[in-house]
Peer 1: 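Got a structure for you, written out below as structure tokens; questions coming shortly.
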Amino acid sequence: MTAQILDGKATAAAIKSDLTARVAALKEKGVTPGLGTILVGDDPGSQKYVAGKHRDCAQVGIASIQRELPATATQEEIEAVVRELNEDPACTGYIVQLPLPKGIDENRILELMDPDKDADGLHPMNLGRLVLNEPAPLPCTPNGVLTLLRRYGVEIKGAEVVVVGRGVTIGRPMPLLLTRRSENATVTQCHTGTRDLSSHLKRADIIVAAAGSAHLIRPEDVKPGAAVLDVGVSRSAEGKIVGDVHPGVAEVAGWISPNPGGVGPMTRAQLLVNVVEAAERSVG
Ligand SMILES: Nc1nc2c(c(=O)[nH]1)N[C@@H](CN(C=O)c1ccc(C(=O)N[C@@H](CCC(=O)O)C(=O)O)cc1)CN2
């Protein structure tokens with residue numbers, strides 16, 4: 001078997017084309033959505049992701065507001081920029097690019113954001129709303145995973161899903177999305193403390209690999225026909241992306257997301273969706 005590709009690049013392009021029309025309609029009503037980003041430090045990966053987010057904004061007509069601070073920025077300096085974007089009427093939604101440099105209290109920064117401007121869905125109020133099943137902006141990567149699965153007709157209802165990883169951007173919120181009544185999946189969350197990862201993976205209809213551990217998911221651990229989403233990013237010595245999923249998995253799985261070209265572009269597209277939806281709510 002050769003797996004069908006879950007093409008994140010193509011799916012993101014379709015989403016952006018829909019958003020372009022919605023942004024134009026908002027502008028006719030006098031509202032220009034504006035995405036702010038706060039980037040601290042000089043991590044090349046983060047710089048690339050933020051640059052991509054602003055490229056996407058330009059494509060669909062969303063205004064860009066960029067704030068950059070050096071790696072030496074203090075907690076107070078970052079908090080001052082958060083307060084500034086909270087107050088800026090041109091900034092309808094914003095994100096703080098994660099991770100922040102060591103020594104910065106990331107949770108405190110997220111808590112300080114105006115939850116109504118939280119374009120990432122990572123403010124504790126919005127994560128709480130997700131737990132309570134109330135409307136909230138959805139975390140971009142997990143929502144991107146769901147959108148890809150739906151687009152390619154992968155059955156989620158009743159599926160056994162294994163999520164590998166427990167980070168704040170993917171691992172923690174992913175099961176919350178998958179276990180909503182609208183999705184009705186059964187989720188097992190695995191992490192570095194899981195005793196026998198292989199035994200869990202072998203039962204999974206869908207695997208979401210977000211461990212950041214190169215080629216952790218091996219062909220022999222995957223049930224034939226399963227859908228495998230590769231979210232993890234490690235870098236080779238040459239700086240190339242190495243995913244969590246071994247290339248041989250493509251011979252066993254029913255669907256596989258490439259990496260790059262899978263969940264990454266979907267993360268960016270879902271961010272724009274959150275920004276546009278917030279602007280649409282503001283006009284009623
Ligand atoms: N505030 C946030 N920080 C981080 C998030 C997030 O959702 N919000 N997620 C990740 C990084 N991320 C988004 O910011 C992200 C990751 C990957 C991509 C992407 O388009 N990747 C491309 C490859 C790019 C490359 O060549 O390096 C792909 O997969 O095709 C976009 C955004 C952590 N931080």
Side-chain angles (χ1 to χ4, degrees), residues 5-13 15-16 35-41 43-57 59 64-69 78 81-82 85 91 93-101 104 106-107 109-113 115 117-124 126-127 130 136-148 165-174 177 208-212 214 229-236 238-245 256-275:
I5 298 296
L6 300 170
D7 188 339
K9 227 172 161 179
T11 307
I15 292 172
K16 284 190 278 184
L35 173 70
T37 59
I38 302 179
L39 172 64
V40 187
D43 175 72
S46 292
Q47 286 174 334
K48 201 168 185 179
Y49 301 148
V50 168
K53 289 174 188 187
H54 290 291
R55 257 199 324 275
D56 292 341
C57 282
Q59 264 179 32
S64 272
I65 299 153
Q66 298 193 48
R67 296 287 177 269
E68 288 182 16
L69 290 101
I78 303 170
V81 178
V82 169
L85 292 190
C91 172
Y94 72 98
I95 63 116
V96 178
Q97 189 63 33
L98 301 176
L100 290 169
I104 300 297
E106 210 162 86
N107 288 350
I109 300 285
L110 291 175
E111 277 166 31
L112 206 63
M113 294 174 75
K117 288 192 174 189
D118 166 27
D120 254 339
L122 297 178
H123 186 283
N126 289 322
L127 288 173
L130 185 55
L138 298 177
C140 303
T141 307
N143 202 20
V145 166
L146 271 188
T147 305
L148 261 186
R166 53 181 159 186
V168 71
T169 53
I170 312 152
R172 288 280 180 215
M174 189 78 244
L177 266 70
V208 181
L229 290 107
D230 190 354
V231 189
V233 175
S234 308
R235 298 269 171 188
S236 69
E238 302 78 41
K240 278 200 159 163
I241 291 181
V242 183
D244 279 4
V245 178
I256 194 161
S257 73
N259 191 359
V263 177
M266 293 301 294
T267 299
R268 282 163 37 192
Q270 297 299 157
L271 173 65
L272 302 187
V273 169
N274 284 347
V275 174

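Remember, it's 1-based here, ligands and their atoms both numbered in the order they're listed. In this text the structure is predicted, and so the values were computed from the model without any measurement. Numbers here are sequence positions counted from 1.
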Peer 1: Check side-chain contact (heavy atoms from CB on, under 4.5 Å) between D43 and all other residues, then give those that pass, not counting sequence neighbours.
Peer 2: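 side-chain contact (heavy atoms from CB on, under 4.5 Å) check on D43 returns S46.
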Peer 1: Can you tell me if D244 uses its side chain to pair, donor with acceptor, with the backbone of D230 under 3.5 Å?
Peer 2: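 Such a contact is absent between D244 side chain and D230 backbone.
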Peer 1: Mind checking whether K53 has an N or O less than 3.5 Å away from an N or O of ligand 1?
Peer 2: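 For ligand 1, there is an N or O atom that lies under 3.5 Å from one belonging to K53.
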Peer 1: Could you work out, for atom 4 (C) of ligand 1, the closest of Q97, R235, E106, M266 by heavy-atom distance?
Peer 2: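 Considering heavy atoms of Q97, R235, E106, M266, the nearest to atom 4 (C) of ligand 1 sits in Q97.
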Peer 1: Using a strict cut-off of 4.0 Å, indicate which atoms of ligand 1 neighbour a heavy atom of T267.
Peer 2: 7 (O), 13 (C)
Peer 1: Quick test: of every protein heavy atom, which one is nearest to atom 8 (N) of ligand 1, and how far off is it to 0.1 Å?
Peer 2: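 The closest heavy atom on the protein side is D120 OD2, 3.0 Å.
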Peer 1: Select one of side chain, backbone, both or neither to describe which atoms of L98 lie under 4.0 Å from any atom of ligand 1, heavy atoms only.
Peer 2: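 Both backbone and side chain of L98 come within 4.0 Å of ligand 1.
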Peer 1: Are the side chain of K16 and the backbone N or O of D56 linked by a donor-acceptor pair below 3.5 Å?
Peer 2: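 Pair absent, no side-chain N/O of K16 close to backbone of D56.
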Peer 1: Only heavy atoms of R268, strictly under 4.0 Å: list the atoms of ligand 1 that pass.
Peer 2: 20 (O), 31 (C)
Peer 1: Given 3.5 Å as the limit, does a donor-acceptor pair link the side chain of N274 with the main chain of L138, or not?
Peer 2: yes
Peer 1: Looking only at heavy atoms of K9, does any of them come nearer than 4.0 Å to an atom of ligand 1?
Peer 2: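 Per 4.0 Å heavy-atom rule, K9 does not contact ligand 1.
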Peer 1: With atoms numbered from 1 as shown, which atoms in ligand 1 lie under 4.0 angstrom from a non-hydrogen atom of P265?
Peer 2: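 Those of ligand 1 that fall under 4.0 Å from P265 are 20 (O), 28 (C), 29 (O), 30 (O).
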Peer 1: Drop me the distance from L130's CG to N143's CG, to the nearest 0.5 angstrom.
Peer 2: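 Separation between the atoms: 9.5 Å.
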Peer 1: Within a distance under 4.0 Å of any heavy atom of I241, pick out the atoms of ligand 1 and give their elements.
Peer 2: 23 (C), 25 (C), 26 (O), 27 (O)
Peer 1: Any donor and acceptor pair, going by atom type alone, linking the side chain of N126 with main-chain N or O of G121 inside 3.5 Å?
Peer 2: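 Judged by distance alone, no pair lies under 3.5 Å.
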Peer 1: When you measure from atom 15 (C) of ligand 1 to every protein heavy atom, which one gives the shortest distance, and what is it?
Peer 2: Y49 CG, 3.6 Å
Peer 1: For ligand 1, which atoms sit closer than 4.0 Å to a heavy atom of P260?
Peer 2: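 It comes down to these atoms of ligand 1: 23 (C), 28 (C), 29 (O), 30 (O).
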Peer 1: Could you give the distance from CE (M113) to CG (L85), rounded to the nearest 0.5 Å?
Peer 2: 8.5 Å
Peer 1: Please check atom 2 (C) of ligand 1 for a protein heavy-atom neighbour under 4.0 Å.
Peer 2: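 Yes, at least one protein heavy atom sits under 4.0 Å from atom 2 (C) of ligand 1.
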Peer 1: Closest by any non-hydrogen atom to atom 30 (O) of ligand 1: pick that one out of G261, G264, P99, A51.
Peer 2: G261
Peer 1: Below a 4.0 angstrom heavy-atom separation, can you tell me which part of V96, side chain or backbone, both or neither, approaches ligand 1?
Peer 2: backbone
Peer 1: Do I38 and Q97 touch side chain to side chain, with heavy atoms closer than 4.5 Å?
Peer 2: no
Peer 1: So which of L6, T11, V145 actually passes side chain to side chain contact (heavy atoms under 4.5 Å, CB included) with M266?
Peer 2: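 The residue from L6, T11, V145 that satisfies side chain to side chain contact (heavy atoms under 4.5 Å, CB included) with M266 turns out to be T11.
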Peer 1: Check ligand 1 against K48 and write out every atom of the ligand that is under 4.0 Å from a heavy-atom position of the residue.
Peer 2: 25 (C), 26 (O), 27 (O)
Peer 1: Please confirm whether T169 comes within less than 3.5 Å of ligand 1 when only nitrogen or oxygen atoms on both sides are compared.
Peer 2: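 Between T169 and ligand 1, no N or O pair is found under 3.5 Å apart.
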Peer 1: Can you tell me how far the CD atom of Q66 sits from the OG1 atom of T37, to the nearest 0.5 Å?
Peer 2: 5.0 Å
